[in-house]
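So the structure is just underneath, and the comments pick up after that.
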Amino acid sequence: MKILVTGGAGYIGSHTCKALANAGHTAIVYDNLSTGHRDLVKWGPFEYGDISDYATLLACLRRHRPDGVIHFAASAYVGESVIDPGKYFRNNVAGTLQLLSCMRETGIQSIVVSGTCAVYGEPKEQPITENSPTVPINPYGASKLFMERMLADFETAHGLKWVSLRYFNAAGADPQGETGERHIPETHLIPRMFMGMDGSAPPLHVFGDNYPTPDGTCIRDYVHVTDLARAHVKALEYCTSGGASAAVNLGTGKGLSVLEIIEAARAHLGRDVPYSIGPRRAGDPPALTADALLARNLLGWEPQCSDAATILTSAWQWYDRDQRVREQLQERS
């Protein structure tokens with residue numbers, strides 16, 4: 001199949017493009033490069049554009065006539081969403097509406113979207129199932145939940161088939177080193193930890209050690225990005241073959257605390273991990289772990305490389321290489 005991948009120059013998007021290519025599909029990347037990177041587009045043609053640009057997006061769909069869409073193009077910083085909610089509703093809600101409208105005009109009936117566990121807010125029970133209450137506590141989560149509402153309404157009105165993949169904490173990098181995590185600014189735990197390890201940033205700041213968890217730090221469900229990429233391919237194939245629309249959790253069901261990640265880095269990378277502990281960050285639930293039974297039953301998906309050792313070693317190999325590449329580019333410029 002030919003698949004349009006919005007935001008395909010980003011972290012999870014680029015890994016998914018590789019997974020699509022490995023499965024025999026063609027990934028057409030549509031990205032405005034505001035947070036994505038042109039050098040990570042390696043597995044299909046590139047189209048520069050913004051999902052808010054109706055004419056450019058429509059022309060792209062008409063030119064390529066894809067069989068379906070995988071939609072990553074969105075703003076994704078929780079803290080920023082609280083400060084600038086308008087940006088999140090413009091990009092994530094209004095932008096998705098533009099995409100759905102263009103799909104309807106060109107007759108494309110299948111879409112897989114990048115969802116999030118942020119739609120659950122602060123759940124009272126663990127692990128979290130798809131039937132857990134969706135009560136987002138920030139504009140980011142609210143915008144993603146409204147995206148799902150739009151998908152359901154477009155299905156009722158126009159027959160759209162969709163899957164929203166509500167994944168937990170994406171981590172790791174391509175084992176072959178062809179793509180990886182590169183955010184500016186970087187807010188994710190593991191690369192921030194690496195930045196403290198090599199001295200390119202202050203030591204990792206741990207937000208709180210007095211949560212009701214075994215070691216007092218927050219617990220999260222870390223999923224290797226390669227596993228997430230495979231899930232998007234499976235979801236797209238499921239969707240285009242007539243599967244029922246659904247929101248689906250992606251996780252391992254096993255959480256790791258911040259301190260456990262630090263200790264795992266020391267064990268598997270053999271390096272010291274400097275860190276400091278400060279007060280809690282507002283809005284951080286003590287624990288978030290997924291019940292991913294639906295993903296297994298519906299999509300035939302299970303995590304294969306989401307153990308801490310694989311996540312950390314693949315992430316470090318990419319980080320170390322990517323740091324050197326960027327330094328060389330800066331020297332040349």
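Residues V113 and Y238 are members of separate hydrophobic clusters, defined by side-chain heavy-atom contacts under 4.5 angstrom among Ile, Leu, Val, Met, Phe, Trp and Tyr. Transitive grouping of hydrophobic side chains (ILVMFWY, heavy atoms separated by less than 4.5 Å) keeps L61 and M1 in distinct clusters. When the side chains of ILVMFWY residues are joined at heavy-atom separations under 4.5 Å, either directly or via intervening members, V5 and L57 end up in two distinct hydrophobic clusters. Grouping the Ile, Leu, Val, Met, Phe, Trp and Tyr side chains by contacts below 4.5 angstrom, directly or via other members, places W162 with M147. Note on F89 and L99: same hydrophobic cluster, where clusters join Ile, Leu, Val, Met, Phe, Trp and Tyr whose side-chain heavy atoms are under 4.5 Å apart, directly or indirectly.
Salt bridge status for K87 with E80: present, with a side-chain N to carboxylate O gap under 4.0 Å. Taking a cutoff of 4.0 Å between a charged side-chain nitrogen and a carboxylate oxygen, E237 and K234 do not qualify as a salt bridge. Salt bridge present: E302 and R296 bring a charged side-chain N and a carboxylate O closer than 4.0 Å.
Distance alone, capped at 3.5 Å, is enough to place a donor-acceptor pair between the D227 side chain and the C305 backbone. Judged by distance alone, the side chain of Q109 and the main-chain N or O of H158 form a donor-acceptor pair under 3.5 Å. K144 contributes no side-chain N or O that, together with a main-chain N or O of A118, makes up a donor-acceptor pair within less than 3.5 Å. A donor-acceptor pair under 3.5 Å is absent between the side-chain atoms of S257 and the main chain of I219, judged by distance alone. Under the 3.5 Å distance criterion, the side-chain polar atoms of R280 are matched with a main-chain donor or acceptor of N210. Between the side chain of H15 and the main chain of D174, a donor-acceptor pair closer than 3.5 Å is present. Checking side-chain atoms of W43 against main-chain N and O of A27 turns up no donor-acceptor pair under 3.5 Å.
A heavy-atom distance below 4.5 Å is found between the side chains of Y275 and L259. You'll find the side chain of P139 reaches within 4.5 Å of the side chain of V82, heavy atoms only. In this structure, Q126 and D221 have side chains that are not in contact, with every pair of non-hydrogen atoms separated by 4.5 Å or more. Taking the side chain as every heavy atom from C-beta outward, D84 and Y77 never approach each other to under 4.5 Å. Within the 4.5 Å cutoff, the side chain of V206 has heavy atoms near those of the I262 side chain. Looking only at side-chain heavy atoms (C-beta outward), I28 and Y30 stay at 4.5 Å or farther from each other. Between T106 and L58 the shortest side-chain heavy-atom distance falls below 4.5 Å. In this structure, the side chains of D215 and E263 stay at 4.5 Å or more apart for every pair of heavy atoms.
Considering R321, M193, R271, H268 as possible partners of W316, the one that fulfils the side chain to side chain contact (heavy atoms under 4.5 Å, CB included) test is R271.
Pairing each heavy atom of A290 with each of F168, the nearest pair is CB-CE1, 3.3 Å. Counting all heavy atoms, side chain and backbone alike, L160 lies closest to M103 at CD1-CE, 3.8 Å. Of all heavy-atom pairs spanning T226 and P175, the tightest one is OG1-CD, 3.6 Å. Closest approach of K2 to R65, counting heavy atoms only: CE-O, 3.8 Å. The two residues N249 and E130 make their nearest non-hydrogen contact at N-OE2, 2.7 Å. For A231 against L299, the heavy-atom pair with the smallest separation is O-CD1, 4.4 Å.
Between N131 and T129, the side chains place no donor N or O within less than 3.5 Å of an acceptor N or O (distance only, hydrogens not considered). Under the 3.5 Å distance criterion, with hydrogens and angles disregarded, a donor-acceptor pair is assigned to the side chains of Y319 and S200. Residues N138 and Y88 have side chains that never bring a donor and an acceptor to within less than 3.5 angstrom of each other. A donor atom on one side chain and an acceptor atom on the other are not found under 3.5 Å apart for T310 and H224.
Not counting sequence neighbours, the partners of R62 by the salt bridge (Lys or Arg N to Asp or Glu O under 4.0 Å) test are E105.
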Which is it for H37 and D322 under the side-chain contact (heavy atoms from CB on, under 4.5 Å) test, yes or no, and what are the steps along the way?
CA-CA 12 Å; H37 306 277; D322 199 45; over 6 Å; no

Assess the residue pair I190 and I311 against the criterion (side-chain contact (heavy atoms from CB on, under 4.5 Å)); give the C-alpha distance rounded to whole Å, side-chain angles, the decisive distance to 0.1 Å, and a yes or no.
CA-CA 9 Å; I190 291 173; I311 285 174; 3.7 Å; yes

Q98 vs I51, test: side-chain contact (heavy atoms from CB on, under 4.5 Å). Steps then yes/no.
CA-CA 7 Å; Q98 293 278 61; I51 56 171; 5.5 Å; no

Working note: I111 + L100, criterion side-chain contact (heavy atoms from CB on, under 4.5 Å); need CA distance, chi angles, decisive distance, verdict.
CA-CA 9 Å; I111 184 171; L100 294 177; 4.2 Å; yes

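Counting non-hydrogen atoms of other residues, nucleotides and ligands closer than 6.0 Å to NZ of K42 gives a total above 12.
Using bins of under 30°, 30° to 60° and over 60° for the plane-to-plane angle, the ring pair Y11/H183 lands in the perpendicular bin.
Ring-centre distance between Y167 and H232: below the 6.0 Å cut-off.
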